A.B. asks: 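Below: one structure in structure tokens.
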Amino acid sequence: MTFPPSTPTAGGLIDGWTWSADLPTAAGVLLAAVCCAGIGLWWNPPPGGRVRRTAVALLRLAAAAVIALLALGPERRREGDPEPVPLSVLLDVSESISDGDAALALLRRWEEGRPLSVRPFAAALAPPAPLGELNPAYQPDAQASAAGGAAAGKDAPPERALRAGTDRRIDRSQTDPAAAVRAALGEPAVRRAGALVVVTDGRSTVGPAGRLSAAADAAREAGVRLLVVGAGAPDPLGAPRLAALTATRPLGPGEPVEIAARWAFADGAPAPPPRLTATLTDRTDGAVVAAGPATVEPGPPDGAATFAATVVPPAAGPRTYDLTLTARGEPFPEAAGSLTIEVLDGTTRVLLLADRPRHEVRFLQSLLEREPTVDLTAAVGDAPRPPDGEPFDVRILVGEEEPNAPPAAAGGRIVATTTPAGPPPVRPPTEPTVVVPTAAGRRLGLFAAVPPPLFLALPDAPPDPAAAVLATAGGAPLVTLRRTARGARITVAAPQTWRWRGEATAGLGDDGDVHRRFWLAAIRLAAAAPGTTPALRVEPTTIEAGGVATVYAEGTGATAVRVEGPGVTRSLPLAADGSATIGNLPPGRFRVFPVGGQPGGAAGDAVELTVTAPPAEGERTSQDRADLLRAAERSGGRFLALADAAGAPNFLPPPPRTPAAATTERPAEAAWPALLIAGLLCGEWLLRRRGGGV
């Protein structure tokens, strides 16, 4: 049985009474005790007057009631206010921390409002330590170091360990914030609190795998929000470095070439994005051929900056362009690069074959006849074909493909098929079909923009597994590329590209005609020697140990790639889009080869991937603000700069509380009930004696 709910007393305690018997039993025992006391008084009534007899009866009844209550086993439970669980704080004490004193002052201010459990970390997570013991992390004993250096006859090495207590030393020469967070997430107190404070600059000496954002997903899955306090001054520029520099192949002198550059940020894309300026310079005469802002894209995982420009090589032969990236007039050494473009001399011999003069053929013939860099031979309908031995760089076939057509002596073939006869397509003929270029189609220069929609139904044919898709229409492949040992084969699933004629890309004028740009780029690609347009590429070409790169094998028919380097030989299967992700490589230079492919396919040359060692501790003293922001966002927490973090505990949920130790009092085990009963009986004996009854 439980008494009515108790309320806190003035001292903050909670009282509660219980007894083992239920209410009817308690009432029965009490009634029985009173009856026994009454019978005893009736059997042996007290002497004297009415007042004395009443006093004796009350003493007898009180003693009986106390004995009855003790028989029911009452208990009194006293429980104090719950104590708040200390807030877990991970404090970066590595050598790269430049404002550790400010971090300690901040934590001392927090400690005035709520208890803290501060755990220092660098290469590993250390046990909790009082804030007073962490002062040496930021103020090494300079006199001791100097004395040691003098004794050795040289300067003392810098302090690389922190003594936290009498038997704990922390190696400060390396930092792994992600490992520290994962270790803290394994503790029940952190998961119960639902929040974890991390004071760090975000620097990692083990590569991307050690960045704080690498542990953010694990924190979110554990139900723990990260309150990230950024120490150190943020790098406003993010340390960009060149990841890729590509260009389309020119058809001849005076033909525009599209150059695209991409930079990755070593510290992640900064927020807000800086103003970066890219400049292309012709090395021949030092003239600036293109300049403009680089667009910063803060997408995952670390953001990127991109720049695209169109240049026109004035003459045949090799042409080298130097690329630089600057901010506020200061160049970035790791962001510079160069690109050599081989401009073809003369004309490209093209043979156009068609079964009848349809719209596709007429517009294409008209286009190529006006191009000074194309020597066109057209054989349409019943017109005589040139001799089989006559060399052509590119063959374009519009209509039903000839099964025994000879291959091009050099270069390749472009085939534009027709929609096969049969039942009408499910799609109404007047419904437009959206054409979507793929990344490969844009990179190879076939599409500078999204072309207009087509009114067609693609043939129901199985896709070529060895071909790379350059554009789709209605979700089905429209333009594909198949690389062979003699060149490239481009297939257009329906002869409808003439509808693009006259459609210009915004800002490019006549050169932006979608129809012209597509066919000239296709001829350029088909005529190229197999080695001049690599089928295998890797982006980025330089990564940090612990990072990842993506390899693409477009149109080779390869099923896997092989990675070879210092101490590493690894095969990776290619996904459906012909790509594979390479990671977990040690520092060094690696070569990537395509594996498998269709018979007669072009394997292509291997590509190189450079893996650099992560920066050493203290090499960068700025804050990796982009990664800290990403870690807080992924975990559902919040990021604050060290200077703005005075009120950070206000953003956290109330701390859980641990119940205080409870005490239980049992009157039956105490001395005062026995003394009370004895006093009542002694009082009755004295009253009887004074009345002459004893």
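Everything quoted here is computed from the prediction, not taken from an experiment.
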A.B. asks: Restricting to ring pair (Phe, Tyr, Trp, His ring centres under 6.0 Å), what partner residues turn up for Phe590, sequence neighbours left out?
C.D. replies: none
A.B. asks: For residues Gln365 and Val380, determine if any side-chain heavy atom of one lies less than 4.5 Å from a side-chain heavy atom of the other.
C.D. replies: yes
A.B. asks: Mind checking whether Leu446 and Pro437 have side chains closer than 4.5 Å, heavy atoms only?
C.D. replies: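 Leu446 does not reach Pro437 side chain to side chain.
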A.B. asks: How about Phe363 and Thr497: do any of their side-chain heavy atoms sit closer than 4.5 Å?
C.D. replies: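 Heavy-atom side-chain distance check fails, nothing below 4.5 Å.
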A.B. asks: Using atom types as modelled and distance alone, determine if a side-chain donor or acceptor of Thr326 lies under 3.5 Å from a backbone N or O of Gly329.
C.D. replies: no
A.B. asks: Distance alone, cut at 3.5 Å: any donor-acceptor contact between the side chains of Arg362 and Ser366?
C.D. replies: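 No - no donor-acceptor pair under 3.5 Å links their side chains.
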A.B. asks: Going by heavy atoms in the side chains, are Val289 and Val311 under 4.5 Å from each other?
C.D. replies: yes
A.B. asks: Could you grab the distance from atom CG of Leu368 to atom OG1 of Thr377, nearest 0.5 Å is fine?
C.D. replies: 11.0 Å
A.B. asks: Roughly how far, to the nearest 0.5 Å, is OG1 of Thr246 from CZ of Arg262?
C.D. replies: 11.0 Å
A.B. asks: Is there a side-chain contact between Leu609 and Leu585, using heavy atoms and a 4.5 Å cut-off?
C.D. replies: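 Yes, close enough: below the 4.5 Å cut-off.
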A.B. asks: Sequence neighbours left out, what passes side-chain contact (heavy atoms from CB on, under 4.5 Å) with Ala214? Give chain and number order.
C.D. replies: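 For Ala214, the residues satisfying side-chain contact (heavy atoms from CB on, under 4.5 Å) (neighbours in sequence not counted) are Ala178, Arg182.
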A.B. asks: May I ask you to check if Arg442 and Phe447 form a cation-pi contact, with NZ or CZ under 6.0 angstrom from the six-membered ring centre and within 45° of the axis?
C.D. replies: no
A.B. asks: Would the distance check show the side chain of Thr433 and the main-chain N or O of Ala473 forming a donor-acceptor pair, the cut-off being under 3.5 Å?
C.D. replies: no
A.B. asks: Under the rule for salt bridge (Lys or Arg N to Asp or Glu O under 4.0 Å), what residues qualify as partners of Glu539, not counting sequence neighbours?
C.D. replies: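 Applying salt bridge (Lys or Arg N to Asp or Glu O under 4.0 Å) to Glu539 gives Arg537.
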A.B. asks: Using side chain to side chain contact (heavy atoms under 4.5 Å, CB included), reason through Thr284 and Arg319 one step at a time and then give a plain yes or no.
C.D. replies: CA-CA 7 Å; Thr284 303; Arg319 207 78 177 182; 3.9 Å; yes
A.B. asks: Using a 4.5 Å cut-off on heavy atoms from C-beta on, say whether the side chain of Leu276 contacts that of Phe307.
C.D. replies: no
